[in-house]
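Values in this document were obtained by computation on a predicted structure and should not be read as measured data.
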Amino acid sequence: MNLNNIPQIKHTDSGNFFVLAGPCAIEGEEMAMQIAEKLVKITDDLKIPYVFKGSFKKANRSRVDSFTGIGDEKALKILNKVSKEFGIPTVTDIHTNEDAAMAAEYVDVLQIPAFLVRQTDLVVAAANTGKTVNLKKGQFMSPESMKHAAQKVLDCNNENFMITDRGTMFGYQDMIVDFRGIPTMKQFGTTVLDVTHSLQQPNQTSGVTGGRPDMIETIAKAGIAVGVDGIFIETHFDPANAKSDGANMLHLDYFEGLMKKLVAIRKTVNQF
């Protein structure tokens, strides 16, 4: 994938990795704008290509009373406003075939959730919009098997896609990142490491997903060291009170420090 095919993306000639970052879910306009403003400044200062991430709805929840969104069109309009206000591209995940065309009117990248990446109709619907497609690797899938998801996008005459590793199930309630999968998936296309979801501890007895945010820096550093093209991180200024995935999100205050370390590692890796 040519990163420049994503509208409004900047700093593509910097030699840096690119970043997909933002809150798990759009909880409202004020929070989205607050997070975007800080992330744009940090990524501009460090010359990191940046895409703002936010889910317009959350369909894959553990409990029926979990937060699912503020309304589809309302959230998508907020994503569109973020894009126009800051001159940056945006990405959101879709869950149904109908979501693809609807979301494509507001965002630049359509993301296929890991649980749904084998759903051919969904992948095809996303690819047929002509938008860049982010294919999240299923927690239950091998890196090698992602070539088939990638081929579905290519078969729709869409070469704009990326593959994102988000960890693999390790027992019943934990995830692990097998870094051998990064070079494997890079054979199929642009490859991203979803740092925060890789640290989830799903299916807790409370029905709320847990996580290990203390390991975010470790996983992110390792990802850059083995050559990922991009990093995916969910971040929030108040993770403890975030309406979705707060247990494994990076506090917004720590984002700049982490990016500086990753940029330094990337600079070193580029020398080899």
**OP:** Answer yes if Y254 and I35 sit in the same cluster of Ile, Leu, Val, Met, Phe, Trp and Tyr residues linked by side chain heavy atoms under 4.5 Å apart, and no otherwise.
**Re:** yes
Original post:
Sub-3.5 Å donor-acceptor pair from the side chain of S145 to the main-chain atoms of M141, do we have one?
Top reply: no
Original post:
Would T132 and L110 count as a side chain to side chain contact (heavy atoms under 4.5 Å, CB included) if you check the C-alpha gap in whole Å, the side-chain angles of each, and the deciding distance to 0.1 Å?
Top reply: CA-CA 6 Å; T132 296; L110 299 178; over 6 Å; no
Original post:
Is it true that a side-chain atom of K10 and a backbone atom of G87 form a donor plus acceptor pair closer than 3.5 Å?
Top reply: yes
Subject >> Test: K57 and D99 ion pair at under 4.0 Å >> reply: yes
Subject >> K41 vs E37, salt bridge (charged side-chain N to carboxylate O under 4.0 Å, His left out): CA-CA, chis, key distance, verdict >> reply: CA-CA 6 Å; K41 183 181 186 308; E37 182 177 22; over 6 Å; no
**OP:** Compare all side-chain heavy atoms of I231 with those of L20 and state whether any distance is below 4.5 angstrom.
**Re:** no
**OP:** Output the distance between atom CD (Q111) and atom OG (S55), rounded to the nearest 0.5 Å.
**Re:** 7.0 Å
Original post:
Do F237 and M31 come close enough that some side-chain heavy atom pair is under 4.5 Å?
Top reply: yes
**OP:** Evaluate the side-chain proximity of H11 to D44: yes if any heavy-atom separation is below 4.5 Å, no if none is.
**Re:** yes
Subject >> I216 side, atom CD1; E234 side, atom CD - distance, nearest 0.5 Å >> reply: 10.0 Å
Original post:
Do the side chain of K53 and the main chain of C24 share a donor and acceptor less than 3.5 angstrom apart?
Top reply: yes
**OP:** Mind telling me whether F140 and F115 have parallel, tilted or perpendicular rings, with 30° and 60° as the class edges?
**Re:** parallel
Subject >> Shortest non-hydrogen contact from A103 toward I94 >> reply: CB-CG2, 3.9 Å
Original post:
Ignoring hydrogens and geometry, is there a side-chain-to-backbone donor-acceptor pair from T268 to A264 under 3.5 Å?
Top reply: yes
Original post:
I78 and A32: which non-hydrogen atoms are nearest, and at how many Å?
Top reply: CG2-CB, 3.7 Å
Original post:
Rounded to the nearest 0.5 Å, how far apart are CE of M185 and OG1 of T190?
Top reply: 12.0 Å
Original post:
Do any N or O atoms from the side chain of T92 and from the backbone of G54 form a donor-acceptor pair under 3.5 angstrom?
Top reply: yes
**OP:** Quick one: closest heavy-atom pair of P113 and D93, and the distance?
**Re:** CG-CB, 4.1 Å
Original post:
Taking C-beta and beyond as the side chain, do F18 and I6 meet within less than 4.5 Å on heavy atoms?
Top reply: no
Original post:
Does the side chain of K221 reach to within under 4.5 Å of the side chain of L262, using non-hydrogen atoms?
Top reply: yes
Original post:
If only atom types and distance count, is the side chain of N134 paired as donor or acceptor with the main-chain N or O of V109 below 3.5 Å?
Top reply: no
**OP:** Output every pair passing salt bridge (Lys or Arg N to Asp or Glu O under 4.0 Å) with a member in residues 143-170, not counting sequence neighbours, ordered by first then second residue.
**Re:** none
Original post:
H197 and F232: side chain to side chain contact (heavy atoms under 4.5 Å, CB included), yes or no, with the steps?
Top reply: CA-CA 9 Å; H197 284 108; F232 180 109; 3.7 Å; yes
Original post:
Can any side-chain N or O of N158 pair as donor or acceptor with the backbone N or O of V153 at less than 3.5 Å?
Top reply: no
**OP:** Check whether V195 and I42 end up in the same hydrophobic cluster, where Ile, Leu, Val, Met, Phe, Trp and Tyr are linked by side-chain heavy atoms less than 4.5 Å apart.
**Re:** yes
Original post:
According to a 4.5 Å side-chain heavy-atom criterion applied to Ile, Leu, Val, Met, Phe, Trp and Tyr, with indirect links allowed, do F56 and I112 form part of one hydrophobic cluster?
Top reply: yes
Original post:
In chain order, what residues pass the ring pair (Phe, Tyr, Trp, His ring centres under 6.0 Å) check against H236, with sequence neighbours excluded?
Top reply: none
Original post:
Would K137 and T168 count as having a side-chain donor-acceptor pair, cut-off 3.5 Å?
Top reply: yes
Subject >> CA sep, side-chain torsions, deciding dist, call: I233, M259, side chain to side chain contact (heavy atoms under 4.5 Å, CB included) >> reply: CA-CA 11 Å; I233 292 182; M259 289 301 108; 3.8 Å; yes
**OP:** Provide the closest heavy-atom pair for G227 versus K186 in the form atom of the first, atom of the second, distance.
**Re:** O-NZ, 2.7 Å
Original post:
Does some side-chain heavy atom of P213 sit less than 4.5 Å from a side-chain heavy atom of P239?
Top reply: no
Original post:
Can you tell me how far CG of D238 sits from CG of L252, rounded to the nearest 0.5 angstrom?
Top reply: 11.0 Å
**OP:** Nearest 0.5 Å please: distance from the CE atom of M162 over to the CG atom of L135.
**Re:** 9.5 Å
Original post:
Given side chains that start at C-beta, do those of S83 and D108 come closer than 4.5 Å, heavy atoms only?
Top reply: yes
**OP:** For T129 and A100, indicate whether the former's side chain and the latter's backbone hold a donor-acceptor pair under 3.5 Å.
**Re:** no
Original post:
After noting the C-alpha distance and the side-chain angles of L199 and V177, does the key distance pass the side chain to side chain contact (heavy atoms under 4.5 Å, CB included) rule?
Top reply: CA-CA 9 Å; L199 294 167; V177 177; over 6 Å; no
**OP:** List the atom of L258, the atom of A220, and the distance in Å for their closest heavy-atom pair.
**Re:** CD1-CB, 4.3 Å
**OP:** State the CE-NZ distance between M146 and K136, to the nearest 0.5 angstrom.
**Re:** 10.5 Å
**OP:** Say whether, by atom type as modelled, one donor and one acceptor occur between the side chain of N16 and the main chain of R266 under 3.5 angstrom.
**Re:** no
Subject >> Donor on one side chain, acceptor on other, T164 and D194, under 3.5 Å >> reply: no
Subject >> Short side-chain to backbone donor-acceptor contact, D229 and T191, under 3.5 Å >> reply: yes
**OP:** Verify the cluster assignment for M33 and Y106: are they in a single hydrophobic cluster under the rule of side-chain heavy atoms below 4.5 Å apart?
**Re:** yes
Original post:
When clusters are formed by joining ILVMFWY residues with side-chain heavy atoms under 4.5 Å apart, either directly or through shared neighbours, do V91 and F86 land in the same one?
Top reply: no
Original post:
Mind checking whether F52 and Y50 have parallel, tilted or perpendicular rings, split at 30° and 60°?
Top reply: perpendicular
Original post:
Can you check whether M102 reaches D72 side chain to side chain, under 4.5 Å on heavy atoms?
Top reply: yes
**OP:** Grab the two heavy atoms, one from T184 and one from F188, that are nearest each other, plus how far apart they are.
**Re:** O-CE1, 3.7 Å
